[in-house]
Structure formats: structure tokens, C-alpha cells
Amino acid sequence: MAYTPAMLESIARVEASRPARLSATFPRMTPQERDEVLRRFHPDYIADATRAIRLGSCKGDRTPLELAEVLEAPPQLDPETFTLQDSELKADVLIVGGGGAGAAAALLAVQGGASVLLATKLRFGDANTMMAQGGIQAADQPSDSPVTHYLDVMGGGHFSNDPDLVEALVTDAPSVIQWLEQLGVMFDKHPDGSMNTIHGGGTSRKRMHSARDYSGAEIMRVLRDEVRSHPESIRVLEFSPAVELLTDGQGRVTGAVLLDLETREYKVVSARAVILTTGGGGRLHYQGFPTTNHYGATADGIVLAYRVGGKLAFLHTMQYHPTGVAYPEQIVGQLVTEKVRGLGAQVCNIHGEQFVFPLETRDVEAASFIRECQDRKTGVETPTGQPGVWLDSPMINLIHGPGTIEKELPAMVRQFRGFDIDIVRQPMLVYPTLHYQNGGIRIRPDGSTGVDGLFVAGEAAGGIHGSNRLMGNSLLDITVFGRRAGTAAAAHALEQQPGALTLEHLRAWNRERAELGLTGGRPAPILLPDYTRHIRAVRKEPLVPVG
Amino acid sequence: MDVDTIPVFVMGQRVEVPPTLTILRALEYAGYTLTRGVGCRAGFCGACATVYRLKGDPHLYFALACQTVVRPEMYLAQIPFFPSRRADYRIEDLAAVPATLFTLYPELLRCLACGTCSKACPQGIDVRSYMAAAMRGDLAAVADASFDCIACGLCSARCPVEETQYNVALLARRLYGRYLARRSEHLAERVREIEAGAFHQGLAELRALDEAGLTSRYNARDIEA
């Protein structure tokens, strides 16, 4: 899997230009240049890749075709025949989703006096949180402030973000870092204890905190261990995704139906409040892109919340991470952390020339890579026809001293070494990959949704990042809003009696579908992508990388 | 176009798969819809711990199915779940002293230093060495050396004296992060400033601007070198 001779020839040009590049980084774009490259090359701007949704509370909103299909899909349960026998599972707060937002919500709900049932599709901690490498933003350095962080977030999101949510995000950020520090998260620090922070794309201050390049994994394993320290008040159900929410028939959410993936039995849960922390939908492979996302990222929470009246926000925009792996083919689409560019690595085309400032916001950076390959034809092509550009990782040790790459990016070094590529000496070939759902279910700063009893946090929530999220604001968002939703849901739950358990909302949903002439279709939430069938369908063709 | 294939054995069954696939994709190609033994598909979650042999070779090999390419005549088995013990504790009730590890994980002192754990680790971590540091009570060394652990459990599955190495390491890291790493003074100061309302006015000023005003502030902001 080492580089081919043609690729090595191009790498020689990258090496030849390196000494000059070390002292001359490509300039930032003007606002006009940013707008132009987005309009012409960002996948969000391809009009026929999205369509209007035909039913529900946000009828007429546009989303990618693949998301529209699951949003309009028939439910898995038939309200006419499904029996809602007395539920054996009861909790004050039901949390659906076992990633960082779910774990943070569980801990704060318990602090608020609630009992918690945390149901998750696969294992507890199998989530995009675990895969986040680069870091978490918080304006805690003396040269920084939450006000500056606010401006960066709003600008990164093209000023479309919900200001209340952004204010909550930046104001809670330092206290969230302190909370994680006290739980035992090992942030990268200087010997005096001060945080070792760097830039991310679109930041005006160095506020990216990291834990080597296992930042999300470190946060997730600590939060998971902390949840496991509270067995008396938090029960965790693994391999049990939710397939439907339950309401009292009057619009209040009162529980959910889970599917046990082992026994294929349904389990009915009665809860006084429900928090959805189900993450994003990269495994729907919008526009055929490979994805960095976890196997279970199939937009389940969006589907469930929408059927009970949750409002959608910014689901026409998706984040394509500029640096997905383009070679070797076995790991195409997997993440190369933005920390590589944060540490000084530049981006080059086939001739070894820079063509973009390395730390533009992710949407602009990704669009520039696509322009370089599709329009200017100066990308590198792999033997399978995958385009890519060079990310010049060896620069990092030249800038910061020998050993920096090995110390700061051990996961990246290990991953490429497994395929005979040494990123300390050789650049990586990268191309945009589907990474993040910028929008989601619209929330208020306490995680509430406007649907009685329903809260949402993490990637499943929308409005915080507007139409483009900055690096390091997702690990921040899941902890800030996970905590807020946990607190608010506990308070809400303790004021409620358990409600009736019905599937009335599905009767209304099915009626609306019938009136529109929608029949059949694959039931949603889909729970897992079907790669088995996908491969069979193309068995005689080159395999499509799915990550 | 025909795809070249190689034979591999999945839990004893022979299947033909393209030689470019990872073990995980090969299982899916062979018809398995996975729920166990699959997770992030990117080498970070530890769900896809795999044991394999090669034909004619007595050795057992260990890998993550999502990061390893198939080879001809590979005999594959995944470890979908391995029971292990996590000690009961609350981190705030503990002290960062050597005795904490021995008390919560008394089996730690049974370690034979045989190194089977290190051989099994798909991350290439020298597990034996950090277990030795754990027996010495050197929490900082355990925390540092075990940092890249993804808790796949292969070390524990192979251990002849039934250690749960990855849980010992997790505890050591949390003790280090909470009690031994120096606290960040600028962080504590910033939290105090926020609680005192120091940024209310600055945020209110930005929020009062219309989009044009906010855009011009954004485009004019100074960027730290």
C-alpha cells in the first residue's frame, strides 16, 4: 500500500518546494473569494442534491435527498396492531444515544435528582465522540475571551447561527473544560499546568485544547467510566436503539420503544422526559460521499423527533471535512484530524504548489480542494481514480522540532504505518469526506424542543453552528448542551407524573402519508447501513469505499 | 469486470473475497450484517478486536478488523464480547497513591510479566511495561504509556492471571488527570470571571449588531500569530 511511482514523483515536488514554503504560507482568502469558492464548489450548493420535504411540521424545508427519504419514511411499528403492554422499563429520564452528549446528560440528570435509563444502539461509547481527534474549543487563555469565541463561531456559521445557543456555548466552555479536568481528562498541558492550545480553522485565538490526537476518545472513556460509577441511578441498555417515541396522545412525549438487536424483541420504556442524543447521519452517505462517521450514524433521532413535531434547523447543510483519507483505499474517507494543519502542515497540489491557506473554515477549505481537483485538474489521482491533494505533514517536525508528530499525532502515525506510509517523512493524500450534520432538531439553550417532554443535545441538535461548524466546537457542543439538557430534563421530569403510552402520532403521520399518496418505502429509522446488500449490488464493479 | 478474490475462513467457513478489503469489509462482503464486533470503523473504539491464524503458521495474530487488510488463507474469529471486571469507585473518593490501584485491583500483584498482553495489543502498546509501572505505583508512567489504549480487551482476554489491564490503566489516567497533573490557573481564573459576569457587556454589544455590523467586526478581527 506504499505510494505508487507516480505519487512518489509528485511527492518529490512537494519536498522540493518545502524549504521555501516553510517561510511563506498561502494568504487567506478575501470574503468575496470565500463566497465564490463555496458557491461554485461546495456540495451544499448543488441544487439537485437536495429536495423539499413533503410532510410534517417543516414541510417545504430542503434536505439532502437521502435524508428526505428517511424523514418521510413509514414507521417500523404499526399503531393499529402494535401492543403497548405495561412497560417493565421505567425511568425519570430516558436518554437515547450513548455518546458524549448522552453521557454528559446522564451525569447532570442524576445530579438533578432523576433516575436515568440510557439506551444505545451498539456499545456504550460507540459514537462519533470517540472518533473526534483534534480537540475542544474554550476561550480560557488570557489573550482570549468568550466574546472573541462568539465572533468566531458566528462568522464560521455565516452569521446564521442562533445567537442564544452560541452565547450558551461560549459562556459554558471554560467551565466544561474545568469539569472534564476534574473528572480526570488528561488535556495536553505545559509543565506549569497551563493548557497547550493551538489554532483550528477559522479561530482567531489559539483555543483548541487536545489530548494528543485521541481528544474525543479520552473525553468519552472518562465520561463513560463516570457514568459507570453511578450504577444505582443510571441503567445502561446496550444494543437497544429506539425505533419510535411514545406520546400521551396530547403531544407530550412519555417514553419510547426500543429494539433489542440480540433477541429482536421490542421493549417499551415509560419516562417522564426523553433526551435524544443520537448524533448525525453520515452513514446515509449524502451525494455518495464516504464518511468519517461511526457505523450507527443514521440520523435516527432526527426521524423520531420529526414525527412528534420537532422542528428542523439547518439540515440543508452538511459538513464535508477537507482532510479525509484519499489513499490507501482501505481507509478512504476516514478522518485526518485538522490538528495536522493546526500544527503547521500546508496543503499542496500535484506540482507541490500551495493553493489555499491551510486554516480557512472547513467549508471553504473543502471547496478549495474540490476546485483544485475538478476545475483546475491539478489534483493527484490514485490507482482507483480517487482524487486528492497533499497534506504536508513532515513540515510539523521542521517547525516544532523532531518528535512532535509522534507525540502529538500518535493515532495518525499508527493508522498510516499500518499501510506502510510514514507520515513523519511523507505527506498524506487527502480529499473531502462527509463529516458532520451542521443542523438538526431545533433546540433552545436548555435543550428543550418545543415538544413537551422532549429534549435534544449533541449532533442531533441544530442552530448552534449555523451552516458551518468550526473545528473543536462539536466536542464542546456535546458537553455544553448534554449537560444543559440533562439538568433541564431532570427538572422537567420531577414535575411530571408518568403519562399514557400511545402511538397516536403515528396514526396522524400515516394519514398524512396516505393523503400525499406516499405508500411503501423502507421503514425508518434505518438503524444501520446495509453494506452487505450494497456490496452484492456492485459485486462485479469496483467497490465503492464506505469507510 | 471480474474481481480477483482470495480465500479466507470466517469462523471455519471458506469464503472468497477481494484482496484489497479490510477484514471488516470482507466479513460484510461475505454476507454478514454486523452488530457485534463493529463500531467506529476507523480504529478508535476497540469494538472490532480480531484473532487470526495463517495457514501453516502456528502463531496467533491480533488485529483491529477495520484497520487490517485480509491475506490469503486467513482464519478469522472476532471477539464480540469479553467479560471483565471494573472495580466500583467514585473518582472523588480516591487518593492518587499507589495503594489505590492495588486496593481496587488486587489481582494486579499477580502479574507474571510474561508479556502476552503486549503481544496481543493491536495498538502496539507495551502493556507489560505499564503493568510493571502500576505495580511500582507510578501513576504518571501508567497514564502516559497507556494513553493510546482503545480498550479492545485483547490484553485481558489473553492474560494467564486474569488481569483487566485496560481498566487498571483507565483508573491510573483518571487519577493522574484529576490529582497529579498541575491545574490550569488561567482556566480557573476565566471561570471566575465568567461567573462574575465579566463578559456580559461584550456579548450584549455583539448581539446588538445587525448582520452587516457583525460581518464587518468579523472581517476586521485580529488573528493571533
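To find a chain, count down the sequence lines: A is the first, B the second, and so on, and within it residues start at 1.
In this structure, chain A has heavy atoms under 4.5 Å from both the backbone and the side chain of L214(B). Contact of D93(B) with chain A is not made at all, since no heavy-atom distance falls under 4.5 Å. Both the backbone and the side chain of A143(B) come within contact range of chain A, with heavy atoms under 4.5 Å apart. For D222(B), the parts sitting under 4.5 Å from any heavy atom of chain A are the backbone and the side chain alike. Heavy atoms closer than 4.5 Å to chain A are found nowhere in F81(B), neither backbone nor side chain. Looking at R173(B), the atoms closer than 4.5 Å to chain A (heavy atoms on both sides) sit in the backbone and in the side chain alike. The contact between Q123(B) and chain A is made by backbone and side chain atoms together, counting heavy-atom distances below 4.5 Å. The parts of L203(B) that come within reach of chain A are both its backbone and its side chain, each placing non-hydrogen atoms under 4.5 angstrom from that chain. Only the side chain of N219(B) comes within contact range of chain A, with heavy atoms under 4.5 Å apart. For A87(B), no part lies near chain A; criterion is any non-hydrogen pair under 4.5 Å. With a threshold of 4.5 angstrom between heavy atoms, L64(B) does not approach chain A through any atom at all.
For R90(B) and E232(A), the salt-bridge test passes: some basic side-chain N is under 4.0 Å from an acidic carboxylate O.
Centroid-to-centroid, the aromatic rings of F199(B) and Y150(A) stay 6.0 Å apart or farther.
With sequence neighbours excluded, the residues that form a side-chain hydrogen bond (donor to acceptor under 3.5 Å, both in side chains) with S118(B) are D126(B). Shown here are the side-chain hydrogen bond (donor to acceptor under 3.5 Å, both in side chains) partners of R224(A), two or more places apart in sequence or in another chain: there are none.
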